[in-house]
Amino acid sequence: MNDQILQTLQLEALTLIKNCDQLTELENLRVRYLGKQGSLTEQLKALASLPPDEKRIIGQKVNLIKEAVQTALQQKKLQLEQELLDKELRQQSIDVTLPGRRQQIGTLHPVSQAFIRIESFFQSLGFDVADGPEIENEFYNFDALNMDETHPARAMHDTFYTVTGKLLRTHTSTVQIRYLQNHSLPVRMIAPGRVYRCDSDVTHTPMFHQIEGLVIDENTSFADLKGLLQLFMNHFFQKDLRMRFRPSYFPFTEPSAEVDIECVQCHGLGCRICKHTGWLEVLGCGMVHPHVLEQVNIDSSRYQGFAFGMGVDRLTMLRYQIDDLRMMFENDLRFLTQF
Amino acid sequence: MKVSEQWLRSFVNFDKPMTEIAEQLTMLGLEVESCTKVAPEFNQVVVAEILSAKQHPNADRLKLCTVSIGSNQESLQIVCGAANARPGLKTVLALEGAVLPGPITIKKGKIRGEESFGMMCSAKELGIADEANGIMELPDNAPVGEDFRKYWNLDESIMEIGLTPNRGDCLSIRGIARELAAIYHLPLMNPWIFKPVTIDQKLKITINAPEACPRYIGRRINDINLYAKTPLWMQLRLERSGLRCLHPIVDITNYVMLELGQPLHAFDADMVVGNIQVRYAEKGETVQILNQDTVKLEPNTLLIADDEKPLAIAGIMGGLDSAVTDKTNHIILESAYFNMASIAGRARQYGLNTDSAYRFERGIDPQLQYEALERATQLILEIAGGTVVASGEALDETYLPSTQKVYLEINKLNRYLASSFKTEEVSALFQALNIKCQTQDSDGVELIPPSYRHDLKLDVDLIEEVARFRGYEAIPFHLPRLNTLPIENQRKIYSDSIRQNLASLGYFEVITYSFINPEIHKQVHPDTPAQILKNPISQELSVMRTSLWPGLIQTALYNQNRQQNDLKLFEVGKVFWGEDENSQISMLGGIAIDSAYPEQWGIKKRALDFYDIKGDLESLFAIYGILPAITFESAMHPALHPGQSARILYEGRPMGWLGILHPSLLKSLDLIGPVALFEIEKNVFSKPPLSPFKHFSKFPRNRRDLAIVIDEEITSKAVIDVIKHVTSENLIDVLVFDVYRSPQVGKNKKSIAISLTLQSMSGTLQDETIQKEIETVVSALQNQFNAELRE
């Protein structure tokens with residue numbers, strides 16, 4: 001046996017392995033060279049008949065060739081296996097741009113979202129959140145708030161009455177008295193909720209939402225009221241707004257004020273929303289009237305406080321630039337999905 | 001209230017533009033809602049008289065007029081197309097070079113071959129009316145040649161002021177002027193000279209209700225001029241204040257009311273039998289009033305009557321029989337003080353909202369009656385002639401409101417306004433408001449408000465006056481000191497998060513009216529009476545809801561009518577089982593319609609069913625840790641499918657409902673289904689238990705599956721209850737993982753596959769132990785339900 005044959009054998013084996021592209025074929029090659037009857041195995045077997053010197057030299061050579069073939073086979077196998085896996089995985093690829101399987105996600109009504117914003121602001125300043133009945137009696141809605149039967153303000157409330165003589169609360173101020181009856185001083189609370197007035201046109205719905213605020217303490221002043229509301233409006237609209245307090249009248253506060261903010265749409269320059277005045281009327285407020293405090297036996301020479309009430313629907317409309325009040329309670333899906 | 005600038009200026013001579021006046025009044029609490037010029041800019045328009053009007057030679061519809069613009073001016077030829085252009089008509093003429101609103105410049109020109117030296121104008125062309133029919137027709141005494149703007153008093157603005165109900169004193173031109181005089185430190189003028197009439201002859205007046213009418217003054221004026229006309233200046237002021245001109249006497253009473261705030265009334269004296277008396281109506285008494293209606297009077301109503309009959313509803317409206325007409329020769333003028341309470345609500349009771357009632361309700365000046373009567377008398381004598389023949393007053397001073405002293409403590413004022421006023425500053429401010437400071441020391445001032453300010457009763461009312469006249473903008477911005485601890489409000493926190501969690505489960509929040517259509521109420525809750533509104537907006541919104549479902553169903557219908565069928569909606573709000581506080585219950589309700597999932601490629605479209613929505617609710621309960629306390633039991637609800645409805649119980653107490661809408665309701669409502677509904681008391685979520693940590697086993701868990709065949713009517717809950725009852729504490733979970741029906745299983749039978757998970761806290765469970773548990777379960781199920789084990 002000579003080197004020539006061995007070298008040819010090595011070259012042939014390595015070339016075939018190199019060119020192989022199938023795992024089955026590679027296995028055939030392994031058998032062909034390294035199997036029990038493989039060419040290299042045969043060569044090793046043939047060593048037995050050689051004289052010791054030659055056996056050692058040739059044996060070394062054959063073993064080197066065997067190792068080279070084994071390494072080539074191993075490498076090729078890894079390569080082919082990897083290629084096969086790659087191919088398989090390539091076939092499993094998906095369109096990642098198709099939408100995922102899901103349940104739809106709903107939304108909160110914009111009025112609820114406004115309530116949450118308002119309530120969390122006041123809660124962070126230590127205000128309690130109170131609730132009260134919506135079918136009310138005249139005492140809590142009017143009499144206790146310094147509006148006796150003949151009070152002209154009472155006629156302006158467009159009150160809904162039930163056939164039994166109860167009424168639907170016309171404002172959340174009803175909660176003031178209810179709250180004071182059940183809590184000790186000092187108090188600071190807000191009362192969000194639905195209110196009702198017998199009025200329905202483009203700018204009025206017979207049901208709407210208000211938030212009432214009440215603070216009673218020993219030294220609470222009108223200046224505190226101004227500061228609190230300024231802070232609140234800036235927070236709600238997320239900008240520094242000019243604000244204007246105008247004298248006004250509510251039977252249950254004295255002094256009373258109506259509050260205008262700079263129009264959030266036109267920044268006070270004048271537009272359709274603010275009727276070209278540059279101002280938006282957003283709430284009513286004032287120092288709690290002594291007659292109201294007397295209703296709940298609060299010593300008005302020691303305690304004083306303020307109350308405010310605002311229309312949440314209007315604030316919501318301004319925040320989201322909703323220009324038609326009626327949409328708020330139609331609940332059209334095309335409206336609801338926007339918030 | 002509409003306020004004429006010129007009229008206002010007759011009381012207070014301010015030298016500020018009207019925009020500034022309007023702004024100032026608004027900041028004084030007299031909200032100026034609008035301030036508009038009476039006329040737009042135009043010039044060179046004069047009063048003219050048509051001397052002749054001939055047919056235009058070349059145009060059928062045009063006239064050739066000769067127009068005079070004054071005796072010392074040459075007459076002008078004007079071509080005019082107005083049908084009312086006729087000789088003798090006093091009208092307005094825009095001269096050559098005049099600029100009219102638009103702007104349009106008037107030029108001399110030829111119209112169809114005839115020269116025209118100006119244009120005769122309609123009120124619309126001058127921008128002083130929205131509509132016009134032909135050129136303006138001026139009174140016969142209009143001064144030819146005079147500038148029309150001056151003649152028609154067009155250089156002024158009209159303010160519309162929205163007054164708060166406490167400021168009855170400002171329901172007059174003089175009232176507004178008082179405020180301006182005070183803020184600008186200007187004198188308040190009187191545009192006329194007060195000359196009281198002295199007359200010996202007494203007019204007899206009887207007051208039977210002095211608590212309601214402490215003062216009534218009557219005055220008889222005879223022989224008024226039947227042909228008198230209301231002068232132009234008065235007409236213009238009345239019209240610009242929103243009043244129609246009717247009769248000179250009526251116009252004068254209205255004029256004085258607007259000017260001074262005292263409502264007056266004039267009776268035709270020939271229609272008054274005997275003496276005037278003020279009394280309450282007798283039951284069943286009627287009177288025909290000025291608007292021709294016959295009113296059946298209630299005994300709470302104050303009347304002006306004569307010896308035989310009611311003449312007027314006091315302070316509200318006069319009677320038709322005694323009204324002043326074109327034929328009235330003699331009148332009786334009334335100037336009275338009716339107290340607020342005796343008028344309040346009465347006008348509304350009869351649906352008569354008159355200017356007079358409006359003022360009495362808000363309180364007039366109890367010292368104004370004489371002055372107003374004298375002013376009216378003067379105007380009547382001036383305009384309509386006549387002679388005052390008798391005058392009389394009935395007065396009961398005990399009931400006439402008198403001015404009360406109010407003590408204002410300076411410390412309180414400064415505490416309220418975060419200010420540092422001294423008594424002297426405050427006194428000066430009050431003097432400008434005609435509020436007398438009687439005594440003052442360093443602690444405070446004693447004040448007497450004028451008779452017209454009945455709203456100033458308490459010290460806080462005077463604090464407001466200080467704030468008003470100092471300006472609210474002068475009050476600083478502070479923040480209230482926080483000397484209470486923030487309160488964690490669980491009810492609110494959960495109310496917000498329930499909403500957010502339901503939205504995450506795919507539901508959109510809606511807000512529907514609390515009042516609903518009684519028809520749909522009857523369909524949903526036929527056995528529950530609803531609270532009924534006495535004065536609803538409409539029949540469709542006339543009962544208070546006892547469930548959130550009617551609103552949700554109607555919202556669903558609204559959306560389905562707009563091709564939006566696939567809906568999941570919820571609402572949080574009160575329902576009204578009764579009128580007391582405890583019957584007004586906050587609920588959480590939902591509706592789900594059409595498919596279980598929104599349409600998508602990855603999930604096959606499937607109609608939703610009971611279990612989809614039950615799953616949503618279970619998820620919601622699980623979020624709040626209350627799922628173990630909840631049970632669903634089969635029960636019937638009139639609005640729900642009898643076989644697919646469940647009552648929801650929390651710790652055994654009924655708290656809500658879940659089910660599929662009753663098929664007959666689905667049909668009658670014309671909804672596209674399937675429709676699932678749920679409603680739960682919101683309270684359920686308000687007190688979630690704080691559950692302490694429990695240790696779990698470190699030993700292996702074992703699962704054994706069982707499939708049994710049982711009768712259809714046996715509930716899965718019954719099966720699970722039995723399994724839990726008979727097994728040891730090693731059973732840590734039971735799960736129904738398949739329910740299967742087929743002919744092989746048998747008619748009215750079902751196969752339920754259940755997995756039991758067993759695990760011990762103390763060691764690895766041996767097969768025999770597990771086997772024993774399973775055998776116990778199987779035999780219990782066989783005994784209880786005749787269950788058949790499937791291999």
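A, B, ... follow the sequence lines: proteins, then strands. Residue 1 opens every chain.
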Can you label the angle between the A:F160 ring and the B:F515 ring as parallel, tilted or perpendicular, going by 30° and 60°?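 A:F160 and B:F515: tilted rings.
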Parallel, tilted or perpendicular for A:F329 and B:Y513, by the 30°/60° rule?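 Judged by the thresholds at 30° and 60°, the geometry between A:F329 and B:Y513 is tilted.
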Need one label for [X]: side chain, backbone, both or neither, based on atoms under 4.5 Å from any heavy atom in chain A.
| X | result |
| --- | --- |
| B:Y558 | side chain |
| B:M340 | neither |
| B:Q560 | neither |
| B:R415 | both |

Please classify the contact between A:Y196 and chain B as side chain, backbone, both or neither, with a heavy-atom cut-off of under 4.5 Å.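 Answer is side chain: those atoms of A:Y196 sit under 4.5 Å from chain B.
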Given heavy-atom pairs under 4.5 angstrom as the criterion, report whether the side chain, backbone, both or neither of A:P99 touches chain B.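 Both backbone and side chain of A:P99 come within 4.5 Å of chain B.
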Are the side chain of B:E581 and the backbone of A:G132 linked by a donor-acceptor contact shorter than 3.5 Å?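 No, B:E581 side chain to A:G132 backbone: no donor-acceptor pair under 3.5 Å.
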With a 3.5 Å distance limit and no angle check, can you tell me whether A:K226 reaches the backbone of B:Y472 through a side-chain donor-acceptor pair?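 The answer is yes, because a donor-acceptor pair under 3.5 Å joins these two groups.
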Does B:E409 have any side-chain hydrogen bond (donor to acceptor under 3.5 Å, both in side chains) partners at least two apart in sequence or in another chain, and if so, which?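 Residues passing side-chain hydrogen bond (donor to acceptor under 3.5 Å, both in side chains) with B:E409: none at all.
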Electrostatic pair A:D131:B:K574 at N-O distance under 4.0 angstrom: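 Looking at B:K574 together with A:D131, the answer is yes, because their closest N to O distance falls below 4.0 Å.
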Counting heavy-atom pairs under 4.5 Å with chain B, which one of [options] comes out on top?
| options | result |
| --- | --- |
| A:R334, A:H209, A:M189 | A:R334 |
| A:M328, A:E134, A:H289, A:E258 | A:E134 |
| A:E149, A:M243, A:R178 | A:R178 |

Please list all pairs meeting side-chain hydrogen bond (donor to acceptor under 3.5 Å, both in side chains) that have one or both residues in residues 96-105 of chain A, counting only residues at least two apart or in different chains.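 Of all non-adjacent pairs touching residues 96-105 of chain A, those that pass side-chain hydrogen bond (donor to acceptor under 3.5 Å, both in side chains) are A:D95-A:T97.
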Positive for side-chain contact (heavy atoms from CB on, under 4.5 Å) with B:I532, one of A:V163, A:T162, A:T164: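 Output: one option passes, namely A:V163.
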Shortest non-hydrogen contact from B:T512 toward A:M207: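 Heavy-atom minimum between the residues: O-CE, 3.5 Å.
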